Every structure is written in structure tokens, then in C-alpha cells.
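Naming: A, B, ... by sequence-line order, numbering from 1 per chain. If you're wondering where the values come from, they're calculated on a predicted model, not measured in any experiment.
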Amino acid sequence: MTKTTTYLENLNSVQERAVRHGDGPLLVLAGAGSGKTRVLTRRIAYLIEEKNISPRRILAVTFTNKAAGEMKKRITEMLSRDVALPWVGTFHSMCARLLRIEADWGWWTRDFTIYDMTDQVDLVKNCMGRLGISTTTFTPKSFLGEISRAKDILLTAEDYASRAGNHYEQTAARVYAEYEKGLRENNAFDFDDLIKEVVQLLRREPELGRSYAERFLHVLVDEYQDTSHAQYALVNLLSSVHRNICVVGDDDQSIYGWRGADITNILDFEKDHPDAVTLRLEQNYRSTAGILAAAHDVVSNNERRKEKELWTEREEGAPVRFTRVSNEYQEADEIRDLVLTLVSKRGLQPRDFAILYRTHAQSRVIEDSLRRAGIAYDIVGGVRFYERSEVKDVLAYLKVIVNPADAVSLRRIVNVPPRKIGDKTIERLEEFALDRGIPLYEALGMGGEVVGVGPAARTALGELRGMFDRLRRKVETTPVNILLDEVLDGSGYVAWLDGRRTEDTAQRLANVEELVSASSEFVEMSGEESLGAFLEQVSLVADIDRWEGEANTVSLMTLHNAKGLEFPIVLIPGMEDGLLPHESSFEDDEEMEEERRLCYVGMTRAMNQLHMFSADTRRRGGTTNLRSPSRFIHEIDESHLETVSTAVEQKRASRPGGGYGMRGRGRAGRGAGARGGAGSRGGAGSRGGAGARGGAGRSSGGSRGVFPDYENQSQEAVEFGPGTRVRHPSWGEGVIVGIAGHGGDMVVTVRFDEAGGVEKRIMLRYGKLTPVT
DNA sequence: TACATTGCGATCCGT
DNA sequence: TCGCAATGTA
């Protein structure tokens, strides 16, 4: 029984009690860095090994897919025999799975599509059009917010309508009803629906609900402080028979109120479950005593919290360092200098640093500064890869193949590339489909019967329909990556993209190629070849899921994305009133408390050093605003804080501009060239992965670039240009023949001799190219 | 139907 | 400052 010691090993007494807790509700209040993930995984292993509970009767819900993956990995390592794994996933992935399994019970089929924000906006716009509601007086986004909030608290369109008071709400109610109708017609769910629909299904079909509740002997929920009301209802439903519900969380780290999370869930757990056992994990294993005390100074100003005080056996450590600078450029330079100094003098690695900010917009200036210094960095989030317009276009083709009812996706690509099917044609076709009560997809082949559709359009429609029918016949038998190639070929999408001579063509092609490799990677990694599975994965990945965290790079991300992570050195720029706390929270005490918790989350990510920065002026949009240091800084006791103020007039040397650096060049290029196409978003990239490599070369036209030297983490950059030999993990060795773009968005064309001389365009930021020395 | 120009609006966090 | 949507024109 060596395994018994494995999962009880190195646990403190409270952790052990949590792991060995028997039956009944359990609330684990787990402070930052108190080992809650460890408790959860050990407990699951304990239940399986010691209590002989079948893994399939355990359900564990995590906040991100990444966390789910890690949990599965750790559980596997702990189990002695080769047993199945419990059901571990996010609320959204779990619900999507359940809805596919139980598709026979509802109006949807197992091939349903999941709509992201862009799709939702498209659909709402369409609904508003149908209802004759102008999109200028009320924006589609505001209605979506309203609908989303309603769904989070399980209000159907009818429920919502019955409560609608003013004109705005009454209009929203009409849109909501139409939107729901649209989702059904399209065989689609939005994110909120995934949860709401499962709750409704399990309530509507009591025997089905009962069978799930019977099945799950144990339900465990991580990050319980960030669950919505709908998720709360779901958890209660699934644990209603055996009542073995174990929730883990920290009310001080509830930061998703704006997304429907209800902190009451965790605050009232003991009220909901009077027989609940509550355990407090208060020993912190992460941060120095000084950092912990400073973080506590801040969060203890909140009214609405369960009092707790973390403690640590660690040393006091360095005080929190607060640096006040004059503007964001100086801030970026301070950050750069700090990294450079600590790397060269203290032997720290780039991977030891995290830069955590309130808003994505802050990353640009910092990126520029790091890139120019040759510091390798990796940015999480921003403009998301799967939301780039060319990627969405290609995905829309795939979605239609799987789910032809998906009119939102169909509409998106019906004339992309242009095939002489104009707005008027589509409008008539939609009307026709609506009249006949048939899906838009069906109508594609019936152009001849639609009045006002000319012969050219009719032929084009027929051909499109023919292509989809052909691809649909192959969908069951063809792996997704092969199918994707056929789509790109058959639709003429790549040819069209390639033929356009706009400035960002190369980048767009590179993104499409990246999608192709993502699909191959998916097939390789998961062993799953179905298109539906790929699309589901793509729909539900979060930015942070794509972050590998293994490359030796400085990590840049929002404070929200940093939840659950830790770094030896944490830097928080933008500690200013208006930014953190964000100005939108000034009027509302609850929101202000959430900002404070967000600050607390950021601070408690730090293991050894915490550096905070504020700028006296910051440019936002076109105007420069005066800023003062965050009120949260003032809440930190002086004994834990060391304030540094850099002289206002020094160090302005590296402001971008003058054609050096990506901002300057980008502007010049855009002005001279053609207009960026619809949905084009240059600039900061999205993807996790090995991260942004390469910087703008100094010569004009971007004919040269630099690879930061990762291995030696020195600032020595490896320069490259046409003729440089490089290596790619899948294409082998090759030679650079062309360079386009600039900065992190630089795209190089490489001729791969090992792959028979094929030329590929590869984006540097994806980090797959390494110089051959 | 496709493309260019102009003007407006937004910029907080994200499954 | 920028991107995008609504307009106007070939």
C-alpha cells in the first residue's frame, strides 16, 4: 500500500482532513497559494484508491481546460492501477458533452454549433433586422449583455419578458425571444446556453436528471467563488442524491462578477448546506511574508468577505516595490530594465517574470520595449487567434459542413471569396427560406425558384451547395486536417486570399496555415479525427488554455488570466486610479471590491518579488490623461512598501516613432498601402505558444529581423535576413527567401529544401522557427 | 456587385 | 488613434 502514502504525503493537517473528508457537503476555503489544487487532486485519488469509488462516478469541474488537463495528469500519476479517469472538465465543456450525449431529448442534434461573441452579434443583428429594430439606438452588444445576464440566472425569454419594465427591457425581451428562435433554427448554442440548457433539460426530464444525480457519488468544484447562478443550480442538481459536494474556493479571489459569477454562492454555502463541514486552508506556500502582508493590507479593506489571515513559514523578503514614473513609455522602460538587470546580475530566467495588467491595451507599449531589448516574451490573449477574421471564415466553412442549419456561419462565407452572390440575393434567399420554413442551406440549391435571383447568382449558389454536399459526404470518413485542406482548395479561399495584394495578405495566409497545423496537431494529440470534435475544442479554448508556460519567456497577461498561476517575480504596471481600480467601478461599492480582489489576485501571484508601477500620465485613445497612484497602493502599510520615484525628465530616449519600432513603421505602411480588409487587426498577436519572437529590423522595409537568443537569455539577438538558414519542427530545414510585416507580426517566407523545396509563410510569433547555426 | 471614402464610436475583464 | 460600418460610385 505504498500508494496510501502518495496521496497523503506532504499534506498539512487541514489539507489532510479535506482529502480524507467522508460523506456530506464540504467547503474548503482555500487562500491564495494554500495548495488547493493539490487537495482536490489528492482527494480524487483518495476516493478512487481508498474508497474504491469508480472514477466514472466522480465529477470534477475546473475553471479552465488547462486546469482540467493538469488535474487529469496528476490524478493519473497517483493512481496505482490503470483505471479510467473521472469526468474532469470545465462547466462549458462538460455541458457541451452532455448536450451531445443527450441530444435526443431536445430540439438540437449532436452536431450543434457553439456560437462565440462574434457569431452572437451577427445573430442579434439579424434578429433586430427581422424585428425592425434599429441597431443605432440600442446596440446589439448591449442586448447580448442583457440576454447573457438573464441566462446566467436561468431566465427564459418568457421569464425575462414578464419582468421587463421600461422600453429598453421590453425591446430586449423581443430580441431575446427572437434570438432564441434563431439559435434553435441554427441548431446552435451560445456559451450561456450550454449551462442553462442543461439545467432546464435535467429539470424538465426528471428521470434523466435523477440518473445523473444518482450516478455522481461525488461532485467537486474548483474556483467556486466564480460560479454563476446557473452553474450553482447545476452543481446542486447533480449532487442532490448523494449530497457529496465538495467546493473549493476563495471569496477574496472572486473576480468574474461582471461575467455573471455570484460571490453569494460561496458566502452562503453553509446556509445552503447546514451540515456542511468548513475547512480553512490558511498556510501559504508561495509568497514571502512581506508580499502576503501587503496583499492582506489591501484585501482586508473589503466589507463583504470571510475574514481569514494567511500565514507563511517563509522569510519577510524584499518589500513590495512601487515605482512611480511619468508616463507609460517610461514605465515600459523601467520594466525592461528590471528584467535585464535581474537576468544578468541575479541569473534569473525570463520565465521567472510575469507582467500582469488590468487591460490588454497596456501590453502594446511594454511589448515594444521588451522586443527592442531582445527579451523573449509570450503574451496571453489580446486579439484571439480563433477570432481573426480569416480564421473565422475558414471555421465557418467547417461549421456549415458539420451543421448545415448554421445560417450565421453560412451567411458569413456565402460570398467570401466573392462569387457574385450579393446582399440582395442573400436577402431574397433568406426571405424565400423563411417563407417555405426551410433552412437557408436548403434554399441554396433552389435559386431558380426564387424571384429576383438572376442566372449568374443561381449558378453560383448551386455550385456552393454542390461543394458543401460533396464535403458533407466525406465528413465521416475524412480526418479533419485533410478535410480542411479540401475546403481551402475547393472554396478557392486561399487562392483568393493569395491573390489580394493587400499589406496583410501574408499574415492572413500565415494564420490560415496556422489553423491547418492546429488541426493536424489536434488529430495527432487527441487521436480524434472528427471535425465536430475539432470545432468543439476550438470553440471552448480560452486564451489561457493555449499558454504553455514552458518556454523560457517573460509572460504578459491580464490579471484575470493570471488566476491560479504563480511566478517568482510579478510586475504590475498601471497601478493608477482609473485603471486599477478601473474607473467603471467608481460608482459601485460591489464593483470596487471586485477591483480590490483583482489587485489581491495579482499580488498573490508573486513568490519572491512584487513590483508595482504607476504613471503620472497615460495616453488613452487620442488624449493624454493625468493619473494618480492607485488607492490600493495607499492601503499597503509602509512597512511592506518601498516607494521609488524616477526623475520625471530623464529617460525619454526610447520613445517609439521616427520610423523605428513597429508603431512608426506600421503607420507609414498603412498610410501608403491599401486599406486593411474587414476585420483586419494588425498589431499585438494573440496566441500562446512559444511566443513572440523576432523584432523589427533596423533597416527600412522590414527586410531583416532578429531572433532573441533564448538559450543564453542574453540580450544578444540573432539577426536574420534573406538567406538565413532556419529550422521548422515539421518542415525541416530551409532558407529564408522573403520577409513581410514587422515586429511581432513579422512573416517570413521560407523555402524548405528538406521538404522538396516548398515555400511556406510562417509567422515568427508562433515561435516555430529557430535559426540554424 | 465590388471597391473606395468618409465619419463615427469605442476601447475593461472573457467561457 | 484606430477599426469598422454606413455611405457613395464605377
- Please measure how far the C1' atom in C/dC4 lies from the corresponding atom in B/dC13, and state the result in whole Å. 22 Å
- Message: Can you confirm if the NZ or CZ of A/Arg100 lies within 45° of the ring axis of A/Phe112 and under 6.0 Å from the centre of its six-membered ring?
- Response: yes
- Message: Quick check: on DNA chain B, is the nucleotide nearest A/Thr139 upstream (toward 5') of the one nearest A/Arg419, or the reverse? Name the residue that is more 5'.
- Response: A/Arg419
- Query: Does A/Val248 reach the side chain of A/Val221, with side-chain heavy atoms less than 4.5 Å apart?
  - Reply: no
- Message: If you compare all heavy atoms of A/Gln362 against all heavy atoms of A/Gly574, which two are closest, and at what distance to 0.1 Å?
- Response: NE2-CA, 3.7 Å
- Check against side chain to side chain donor-acceptor pair (under 3.5 Å), A/Arg618 and A/Asn625: CA-CA 5 Å; A/Arg618 186 176 292 273; A/Asn625 301 317; over 6 Å; no
- Charged N-O contact under 4.0 Å between A/Lys392 and A/Asp119: yes
- Task: Give one of base, sugar-phosphate or nothing for A/Ser93, where a contact means two heavy atoms less than 4.0 Å apart.
- Result: nothing
- Could you tell me whether A/Tyr232 and A/Phe91 have their ring centroids closer than 6.0 angstrom? no
Protein N or O to nucleotides 12-15 of chain B N or O, pairs below 3.5 Å:
residue: B/dC12; atom: O4'; partner: A/His582; partner atom: NE2; Å: 3.1
residue: B/dC12; atom: O2; partner: A/Arg358; partner atom: NH1; Å: 3.1
residue: B/dC12; atom: O2; partner: A/Arg358; partner atom: NH2; Å: 2.5
residue: B/dC12; atom: N3; partner: A/Ser584; partner atom: OG; Å: 3.1
residue: B/dC12; atom: N4; partner: A/Ser584; partner atom: OG; Å: 3.3
residue: B/dC13; atom: OP1; partner: A/His360; partner atom: N; Å: 2.5
residue: B/dC13; atom: O4'; partner: A/Arg358; partner atom: NH1; Å: 3.2
residue: B/dC13; atom: O2; partner: A/Trp258; partner atom: NE1; Å: 3.0
residue: B/dG14; atom: OP1; partner: A/Thr558; partner atom: OG1; Å: 2.9
residue: B/dG14; atom: OP1; partner: A/Asn561; partner atom: OD1; Å: 3.1
residue: B/dG14; atom: OP2; partner: A/His360; partner atom: NE2; Å: 2.9
residue: B/dT15; atom: OP2; partner: A/Arg384; partner atom: NH2; Å: 3.2
residue: B/dT15; atom: O3'; partner: A/His92; partner atom: ND1; Å: 3.4
residue: B/dT15; atom: O2; partner: A/His92; partner atom: NE2; Å: 3.1

- Query: If you look at every strand shown and take non-hydrogen atoms under 4.0 Å, does A/Asn415 touch a base, only sugar-phosphate, or nothing?
  - Reply: sugar-phosphate
